[in-house]
Protein chains: 2
Amino acid sequence: MAAKRGYDTKTIDHLIENVSENELCDLAELFKVFGDSTRIKILFVLFHGEKNVTEICDALDMNQSAVSHQLKILRTSKLIASRREGKAMIYALADDHVKTIIAMGKEHIEE
Amino acid sequence: MAAKRGYDTKTIDHLIENVSENELCDLAELFKVFGDSTRIKILFVLFHGEKNVTEICDALDMNQSAVSHQLKILRTSKLIASRREGKAMIYALADDHVKTIIAMGKEHIEE
DNA sequence: TGTTCATATGAATATATTATCATATGTTGT
DNA sequence: ACAACATATGATAATATATTCATATGAACA
């Protein structure tokens, strides 16, 4: 299915060779970040462009503090980036990996 | 970076459009499964081919019960498949999504 | 400087998750 | 039918995680 889209199988095999125990734990840590519905929702909101905290709270219909706590986790994992604009903090996806990883997950679910 | 490998950006954008709240929760559930070092280790062992439970326990140097509990979670998420062979249960990766998802995660970490 | 708006953070509680232990189930061979 | 082996499962205890509440920080502006 991935190959169907031209994703290089040899590259994948290379990527998953010779992985140390530490790297495996880092990987688990990364996926753990995706493994929470609040955080996934935040990422989806940011798919549509950058947003400030209040906008994210409104989109999720959630408490500002809860959202900020999760934003911190996403920032720490470098999945999102932030910059200040006056009083507001603007958040955006850090790179395209986020979209790709989530798209692959969605493909799996849809089968 | 993903595009560099020929992964179709339009396809990705389509995959992440119009996602319901339920689908987002399912996605989070899926990633949660990847988000544990024991389970990631099991998946990596299975990258090298199918294995029975005892072999997986040896590879991970872990208690059989702990491994079986995690195998169940991986089975439920359809990330691995099992079949019986005599007394033993043989486990294998269910499909290539697993490799692809993990490879994408690894790419992210390596930057 | 004081007030308001926007966001971040610490502490506490509630909930979820994992590994362990004990035991059950299922298979093979005697 | 019974013993030995392989795996699964239920209950428990230890740990991790998310949300809430209260409060702190920081920017803008009168």
**Report entry** D:dT19 pyrimidine/purine six-ring stacking with A:His69, under 5.5 Å and 30°
**Finding:** no

Starting from [atom2] on [N], measure out to [atom1] on [X] and report it in whole angstrom.
X	N	atom1	atom2	result
B:Gln70	D:dT9	CD	C1'	13 Å
A:Asn52	D:dA27	CG	P	16 Å
B:Arg83	D:dT7	CZ	C1'	15 Å
B:Phe31	C:dA16	CZ	P	22 Å
A:Gln64	C:dT7	CD	C1'	5 Å
B:Asp58	D:dC5	CG	P	15 Å
A:Phe34	D:dT17	CZ	P	16 Å
A:Met89	D:dA28	CE	P	12 Å

Query raised in the report: Checking A:Arg84 side chain against A:Met89 main chain: does a donor-acceptor pair fall under 3.5 Å?
Result: no

Query raised in the report: Can you check whether B:Ser20's main-chain N or O pairs, donor with acceptor, with B:Glu23's side chain at less than 3.5 Å?
Result: yes

Query raised in the report: Is the Lys NZ or Arg CZ of B:Lys99 less than 6.0 Å from the centre of B:Phe47's six-membered ring, within 45° of the axis?
Result: yes

Query raised in the report: Touch check for B:Thr54, heavy atoms < 4.0 angstrom, all strands: base, sugar-phosphate only, or nothing?
Result: sugar-phosphate

Query raised in the report: NA contact type, A:Ala66, heavy-atom cut-off 4.0 Å: base, sugar-phosphate, or nothing?
Result: base

Query raised in the report: Is there a donor in the side chain of B:Tyr91 and an acceptor in the side chain of B:Arg83, or the other way round, less than 3.5 Å apart?
Result: no

Report task. Nearest-nucleotide wise, let me know which of A:Arg84 and A:Asp36 is further upstream toward the 5' end of DNA chain D. Result -> A:Asp36

Query raised in the report: Closer to the 5' end of DNA chain D via nearest nucleotide, is it A:Arg39 or B:Leu71?
Result: B:Leu71

I want to check one thing: is the phosphate of [N], taken as OP1 and OP2, less than 4.0 Å away from some side-chain N or O of [X]?
X	N	result
B:Ser65	C:dA22	no
B:Lys72	D:dT9	yes
A:Asn63	D:dT20	yes
A:Lys87	D:dG26	no
A:Lys32	D:dA16	no

Requested in this report: List the steps and the verdict of side-chain contact (heavy atoms from CB on, under 4.5 Å) for B:Glu21 and A:Lys41.
Outcome: CA-CA 8 Å; B:Glu21 174 128 6; A:Lys41 284 174 193 168; 2.8 Å; yes

[X] side-chain proximity, nearest of [options]:
X	options	result
A:Val53	C:dA19, D:dA6, C:dA8	C:dA8
A:Ile73	C:dA19, D:dA18, D:dT7	D:dA18
A:Tyr91	C:dA8, D:dA8, D:dT7	C:dA8
A:Ser68	C:dA8, D:dA8, C:dT18	C:dA8

**Report entry** Validation row: A:Leu79, A:Ile73 side chains within 4.5 angstrom (heavy atoms)
**Finding:** no

